[in-house]
**Q** 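Please find one structure pasted underneath; my questions will follow.
Side chains are part of it too, since the values below use all heavy atoms of this structure and drop only hydrogens, waters and symmetry mates. Just follow the structure's listing: the first ligand is 1, and inside any ligand the first atom is 1.
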Amino acid sequence: MTTLADRRLLLVHAHPDDESIGNGATMARYAAEGAQVTLVTCTLGEGGEVIPPQLAHLAADRQDALGAHRIGELTAATAEVGVTDVRFLGGPGRYRDSGMMGVPDNDRPDCFWQADLDEAAGYLVAVVREVRPQVLVTYDEQGGYGHPDHIQAHRVAMRAVELAADPAFRPELGPTWQVVKVYWNRMPRSVLLARLAGTAAAHQAVAAPESVPGVVDDELVDAVLDGTKYADRKAAAMRAHATQIVVDGPDFALSNDQWQPLISDEYYQLALGTPGAERPESDLFAGVEAR
Ligand SMILES: [Zn+2]
């Protein structure tokens with residue numbers, strides 16, 4: 001019989017690197033505080049562009065070896081934030097990166113976008129029933145910014161929360177578990193715009209605000225996690241994804257060379273469950289009883 005930590009957090013992401021950009025400080029904080037932090041990444045990110053020229057040969061249109069390389073980057077990144085329980089949905093390579101919306105890869109039968117929802121959710125139900133997270137973090141129904149794998153990660157996560165609590169769904173996957181709170185990653189528009197002004201002073205090409213995942217009106221933000229203490233851990237985790245991210249002081253760029261602020265505070269909208277007393281919450285476990 002293994003003993004579960006009192007507080008258990010499950011994050012569901014589409015590609016290696018999304019976890020560090022979106023939740024690096026959150027993961028570092030809860031890992032440091034002794035909570036169980038489990039990351040499930042749904043694809044290997046095989047379709048990503050490669051930034052360093054010396055690794056360009058890994059790309060899908062050349063050796064198609066990026067997936068295996070990104071497993072290593074993810075391992076290094078999660079080590080920077082103290083997270084060791086890292087899994088791929090259905091095992092590494094079960095679902096392939098679908099590419100941006102509208103590209104031919106969307107139609108590949110092995111891509112995540114084409115996954116059968118309940119089959120994919122079933123893999124996550126097994127994790128939920130094993131780890132028994134009180135809190136689950138994923139994206140909104142647009143996947144934050146419309147990438148098919150992010151939309152699908154949202155659907156799979158929300159469906160798994162439902163199915164994990166349903167005694168009729170695949171009882172062989174373990175006793176039912178009800179996730180108490182589900183959060184979606186958010187970025188308050190005012191914070192982004194203020195910080196983008198600083199980015200624009202240092203870099204010529206700056207990301208369009210609407211290209212940043214999860215941007216919403218400030219009042220939709222229910223929880224703000226102060227990342228000050230873990231800002232260096234988050235930056236280190238992002239740097240570990242060297243094929244995907246360049247970090248330059250307070251800013252970073254993806255392969256499109258558009259710079260954006262590296263924001264260490266992390267923001268969430270409560271999608272399921274009852275908020276804690278504080279508004280906004282400063283702790284995702286606020287109001288959650290240990291069980
Ligand atoms: Zn992604």
**Q** Is atom CD of E141 surrounded by more than 12 heavy atoms (other residues, nucleotides or ligands) closer than 6.0 Å?
**A**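 Buried by this count: over 12 neighbours within 6.0 Å.
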**Q** With side-chain contact (heavy atoms from CB on, under 4.5 Å) as the criterion, how do Y183 and E281 come out once you've worked through the C-alpha distance, each side chain's angles and the decisive distance to 0.1 Å?
**A** CA-CA 12 Å; Y183 287 97; E281 300 173 300; 2.6 Å; yes
**Q** Which of the N/O/S atoms in H15 sits closest to the Zn ion (ligand 1)?
**A**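 This turns out to be ND1.
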**Q** Could you tell me whether any N, O or S atom belonging to D18 is less than 2.8 Å from the Zn ion (ligand 1)?
**A**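 Within the cut-off used here (under 2.8 Å), D18 does place an N, O or S atom near the Zn ion (ligand 1).
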**Q** Might you confirm whether atom CD of Q204 has over 12 heavy atoms from other residues, nucleotides or ligands at distances under 6.0 Å?
**A** no
**Q** Which of these passes side chain to side chain contact (heavy atoms under 4.5 Å, CB included) with L11: N185, T138, V37?
**A**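 Output: one option passes, namely V37.
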**Q** Can an N, O or S atom be found in H150 less than 2.8 Å away from the Zn ion (ligand 1)?
**A**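 So H150 does bind the Zn ion (ligand 1) by this criterion.
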